[in-house]
There are 2 protein chains.
Amino acid sequence: MNEIRVLLVDDHPVVRAGLTAMLSAFEGISVAAEAADGGAALRELERLRILGDDVDVVLMDLQMGAGMDGVTATSRIRRLEKPPPVLILTTYDTDADILAAVEAGASGYMLKDAPPEQIRQAVLAAAAGQTALAPKAAALLMDRISNPATALTSREIQLLELLATGLTNRAMARELFISEATVKTHLVHIYSKLGVDSRTAAIAAATQRRIIRAPGQQA
Amino acid sequence: MNEIRVLLVDDHPVVRAGLTAMLSAFEGISVAAEAADGGAALRELERLRILGDDVDVVLMDLQMGAGMDGVTATSRIRRLEKPPPVLILTTYDTDADILAAVEAGASGYMLKDAPPEQIRQAVLAAAAGQTALAPKAAALLMDRISNPATALTSREIQLLELLATGLTNRAMARELFISEATVKTHLVHIYSKLGVDSRTAAIAAATQRRIIRAPGQQA
DNA sequence: CCGGGTGTCAACCATTCGGTTGACCCCTCG
DNA sequence: CGAGGGGTCAACCGAATGGTTGACACCCGG
């Protein structure tokens, strides 16, 4: 059978080198190209397509130091014609990251500290059109379905992230291009879902449950 | 001349593979051993010493999924007899990370997104007993020396910790057996020292600089 | 002994925040 | 097509917060 051709997207040369070494060591997998950010990834895909030389799986990091981030890149890729499956391979497993990735159209979510064999399995699954989820990611999505009442929407999580950076309602409104009234509405919903009654308590609860990352934990 | 022998400490197999591939490609550098966390690193060092086969540089990640973290491991290593230089190679460049690493006795601080050549230079510098700092790390240390006026009092830190749990001023006052007025006074001082102007921003700033620990952030 | 930092407290005021009600649009799913 | 959920917005009110000024007591070190 044909080799599975992978496009690596990660801003760290070290990680790209590691994945290249790791994946190339496996039978049936080869690294077709690398990119340091989302924009470069899209250009690579375009270039390879012109060569009639498509990739079977995109292996994408979420956090990029600069340029287009992984979520944006994933949704862009998924809007191409006949898009390749995008397998997220990242460091974190917070609700916010997982949800954003899945909503962007990722077909899998793996963590970088996974053993090589698991990463290989995930690449094979993605190439076959299946999904491969890290346990935390799978659990989160299951919980979403069974218990959507206490689940925050992605918009609410987005707000929560801004909240945790210390922004005022007005600043968040400007950031999200919505009115201050809407921000307050969202906050009320967030409070009730988290069982708190103030913004600081919401931050505490959200970081505690790892719904968001504590500020400073992020790139 | 002799090869520079490196001990890799990183919890991600992917990163270890990448560094091994990258460093081995350079003339004069070889990877003597790998470890997945601080404890394993110390055991590796011990083992290699018994074999009379010391390493020249320890390349250490700060964030470990489990086991001894990089800062602890660094200070332990530096307390050995004739300790090898420890070069931090990590993802983040927050104040707290850099300061903790330097205080633990690291002889360098590099970021994983650095180009291979810079990493090579840093390893060579560390092996030669010199220091190698990423630009942001260097800038931070300079700033610390010139501007130490941002130190919080222990009472203020105490308040900050309560603040991060989401308490109101009244609740903090009750907790500390002081009046609400005093709480507000402290808060104003905290704001000015942290360069913020709201409680949520104070939490963000304080967790970012690891003046306090984010609630529930222990992994 | 006095200056300065720390911790404490009070009164005041403008702003923001928390919470509610009600409303509209859009999409999806039954 | 209708119901429901998500997202958006507005107006309102009481409560909390932020910001200021001024004050007092304590302790340390010059």
Side-chain angles (χ1 to χ4, degrees), chain A residues 71 75 78-79 95-96 99-100 102-105 140-141 143-206 211, chain B residues 147-206 211:
Chain A
V71 172
S75 64
R78 297 300 300 176
R79 281 202 291 266
D95 293 16
L99 284 178
V102 171
E103 280 170 7
L140 171 66
L141 295 180
D143 185 62
R144 282 253 135 183
I145 295 171
S146 65
N147 186 17
T150 62
L152 294 165
T153 67
S154 65
R155 191 61 157 172
E156 286 162 354
I157 290 178
Q158 202 178 358
L159 230 86
L160 214 35
E161 285 169 341
L162 294 178
L163 189 64
T165 67
L167 297 186
T168 64
N169 290 348
R170 184 173 303 173
M172 288 188 282
R174 271 199 287 264
E175 188 77 20
L176 298 177
F177 302 107
I178 59 179
S179 83
E180 208 174 328
T182 305
V183 169
K184 287 163 72 172
T185 303
H186 284 309
L187 285 181
V188 170
H189 293 159
I190 290 170
Y191 297 156
S192 95
K193 286 180 179 178
L194 293 181
V196 300
D197 61 354
S198 78
R199 50 176 52 216
T200 49
I203 295 174
I211 294 168
Chain B
N147 186 20
T150 58
L152 294 163
T153 69
S154 65
R155 190 62 159 173
E156 286 163 353
I157 291 178
Q158 202 177 358
L159 229 85
L160 215 34
E161 284 167 345
L162 294 178
L163 189 64
T165 68
L167 297 185
T168 65
N169 289 349
R170 184 172 302 171
M172 288 188 283
R174 272 199 287 265
E175 188 78 19
L176 298 177
F177 303 107
I178 59 179
S179 81
E180 206 174 327
T182 305
V183 169
K184 289 163 71 172
T185 305
H186 285 309
L187 285 182
V188 170
H189 292 160
I190 291 171
Y191 297 157
S192 94
K193 287 181 179 176
L194 294 182
V196 300
D197 61 355
S198 79
R199 53 176 51 217
T200 49
I203 296 174
I211 295 167

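Remark: C1' of D:dG7 and CD of A:E180 are 17 Å apart, rounded to the nearest angstrom. Rounded to whole Å, the distance from CE on A:M172 to C1' on C:dC17 is 10 Å. Distance, A:E175 CD to D:dT8 P: 14 Å, rounded to whole Å. The nearest whole Å value for the distance from the NZ atom in B:K184 to the P atom in C:dA11 is 12 Å. If you take OH of A:Y191 and P of D:dA15, they are 18 Å apart, rounded to a whole angstrom. The CD1 atom of B:I157 sits 10 Å away from the P atom of C:dG7 (whole-angstrom rounding). Computed from coordinates, the A:N169 CG to D:dA16 P distance equals 17 Å when rounded to whole Å.
Put simply, A:T153 has no side-chain N or O that comes within less than 4.0 Å of OP1 or OP2 on D:dG5. In terms of phosphate contacts, A:R155 brings a side-chain nitrogen or oxygen within less than 4.0 Å of OP1 or OP2 of D:dT8.
A 4.5 Å side-chain heavy-atom check between A:R174 and A:L167 finds every atom pair outside the cut-off. With a 4.5 Å cut-off on side-chain heavy atoms, B:L160 and B:L194 count as touching. Between A:H186 and A:T153 there is no side-chain heavy-atom pair separated by less than 4.5 Å.
In the set C:dG18, D:dT20, C:dG7, C:dG18 carries the atom at the smallest distance from any side-chain atom of A:S198. Of the candidates C:dG7, D:dG18, C:dG18, D:dG18 carries the atom nearest the B:R199 side chain, counting heavy atoms from C-beta on. Considering only side-chain atoms of B:T182, the nucleotide from C:dG7, C:dC9, D:dG6 that sits closest is C:dC9.
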Exercise. Test side-chain hydrogen bond (donor to acceptor under 3.5 Å, both in side chains) on B:T182 and B:S179 and set out the steps.
Key: CA-CA 5 Å; B:T182 305; B:S179 81; 3.2 Å; yes
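Among the heavy atoms of the strands lying under 4.0 Å from A:T185 is at least one base atom, whether or not backbone atoms are also near. B:T168 comes within 4.0 angstrom of the backbone, heavy atoms only, and of no base.
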